[in-house]
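Values reported hereafter were calculated over all heavy atoms of this structure, with side chains retained and with hydrogens, waters and symmetry mates removed. Residue numbers begin at 1 in each chain, while the letters A, B, ... track the order of the sequences.
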Number of protein chains: 2
Amino acid sequence: MNSHFSLAVHSLTLLAHQSERAASSSFIAESASVHPVRIRKVLSLLKQHGLIRSKEGAGGGFVLSRPPEAVTLWDVYQITSKGTLQPRCPEENPSCDVGANMKHVLGGVFSDGESVFGEHLDQYTIADMLKKCITN
Amino acid sequence: MNSHFSLAVHSLTLLAHQSERAASSSFIAESASVHPVRIRKVLSLLKQHGLIRSKEGAGGGFVLSRPPEAVTLWDVYQITSKGTLQPRCPEENPSCDVGANMKHVLGGVFSDGESVFGEHLDQYTIADMLKKCITN
DNA sequence: TATACTGTAATTATAAATATTACAGTTTTA
DNA sequence: TAAAACTGTAATATTTATAATTACAGTATA
């Protein structure tokens, strides 16, 4: 799983936690132990897909644009990581039945696998994640 | 998904295809477009887990030790890739409810997710993969 | 008008994956 | 019995992918 996903979930959970005020990329970055620019890049994606809103200038930052109960990990996955489950195969080899087709065949298996995995992720909302973090 | 998995499946499928004679790492490597040493490393793992046998010396190579119908992609996944679904989180941050627990919380979600994904992979055998490659 | 932000591009640094080289050990076969 | 064709594995080098850093234009706030 690429790290965009975990950073996105982390950020969204933090926004749900700090829902009174906008959270800056620096604040989120410190919580996640990464660089603020990386947070801004990931959140830029989430913004494009309508999960959050941002505000520039002093006192600006990021806020959720939907209630945390209405955002699932599958929603996030689709934005940050769709297709990344796929094992990356080297070049195809046309001169071999197996080498010529393995990439495509595994592609089908993993495409279906992603759907199955997605149904699992869809059972968890950002609100659930926050609850799990707090009651830990 | 790490590439050990796809190389392992590729190799096993090729062994099923070439079941009359042992396949050398060079032969498999050419089919998969990778370096022979890499194949030998991956197959060394599969051998340790009893999926294949190897024979040194001239005319040597690798053969399946079970019928291809009796090996599923989940069997292979568990050997080559167990735990790799897990998103790797940066350091935990004890001074933040979310930062302190997110790694553990996501860990649980992905651990269950791996089981779900595993049930899917368990539906495909190496024999199925070969059939799909040939009838393509 | 200084300050604290976002947004994004460009560059540099670090880590991970992969290939390559090397060589000891094992069979086969000529 | 010696050359050839293999496995097994370690060490090193190369390449690629990730991540951090720097830089700076633009935007609110106070």
OP1 or OP2 of [N] less than 4.0 angstrom from a side-chain nitrogen or oxygen of [X], does that happen here?
| X | N | result |
| --- | --- | --- |
| Lys47(B) | dG8(D) | yes |
| Ser54(A) | dC5(C) | no |
| Arg38(A) | dA20(D) | yes |
| Lys55(A) | dT29(D) | yes |
| Ser44(A) | dT6(C) | no |

From C-beta outward on Glu56(A), which listed nucleotide comes closest to its side chain: dG26(D), dA28(D), dA10(C)? dG26(D)
Nearest listed nucleotide, side chain of Lys41(B), among dT7(D), dT8(C), dA11(D): dA11(D)
Counting distance only, does the side-chain N/O of Ser65(A) pair as donor-acceptor with the main-chain N or O of Leu51(A) below 3.5 Å? yes
May I ask you to test the Met129(A)-Val105(B) pair for a side-chain heavy-atom distance under 4.5 Å? yes
What I'd like to find out is whether the side chain of Phe27(A) reaches to under 4.5 Å of the side chain of Leu14(A), using heavy atoms alone. yes
When the ring centroid of Phe117(A) is compared with that of Phe110(B), is the distance short of 6.0 Å?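 Here the rings of Phe110(B) and Phe117(A) have centres that are less than 6.0 Å from each other.
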Atom-pair distance ([atom1] on [X]; [atom2] on [N]), nearest Å:
| X | N | atom1 | atom2 | result |
| --- | --- | --- | --- | --- |
| Asn2(A) | dT18(D) | CG | P | 8 Å |
| Phe5(B) | dT18(C) | CZ | P | 15 Å |
| Arg40(A) | dA25(D) | CZ | C1' | 12 Å |
| Phe62(B) | dA5(D) | CZ | P | 17 Å |
| Gln48(B) | dT7(D) | CD | P | 16 Å |
| Leu45(B) | dG8(D) | CG | C1' | 13 Å |
| Leu43(A) | dC5(C) | CG | P | 15 Å |
| Ile39(B) | dT20(C) | CD1 | C1' | 15 Å |

In the hydrophobic cluster built from side-chain contacts under 4.5 Å, what are the other members alongside Val116(B)?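 The other cluster members (ILVMFWY side chains, heavy atoms under 4.5 Å, direct or chained) are Val116(A).
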Near DNA chain C, which residues from residues 23-37 of chain A have a heavy atom under 4.0 Å away?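 Of all residues in residues 23-37 of chain A, the ones placing a heavy atom under 4.0 Å from DNA chain C are Ser24(A), Ser25(A), Val37(A).
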Please lay out, stage by stage, how Arg38(A) and Ser25(A) fare under the test side chain to side chain donor-acceptor pair (under 3.5 Å). CA-CA 9 Å; Arg38(A) 197 168 148 203; Ser25(A) 62; over 6 Å; no
When you look at Asn93(B) and Ser33(A), which way does the side chain to side chain donor-acceptor pair (under 3.5 Å) test go after all the steps? CA-CA 7 Å; Asn93(B) 179 345; Ser33(A) 308; 5.0 Å; no
Closest-nucleotide 5' rank along DNA chain D - winner of Ser3(A) and Gly57(A): Ser3(A)
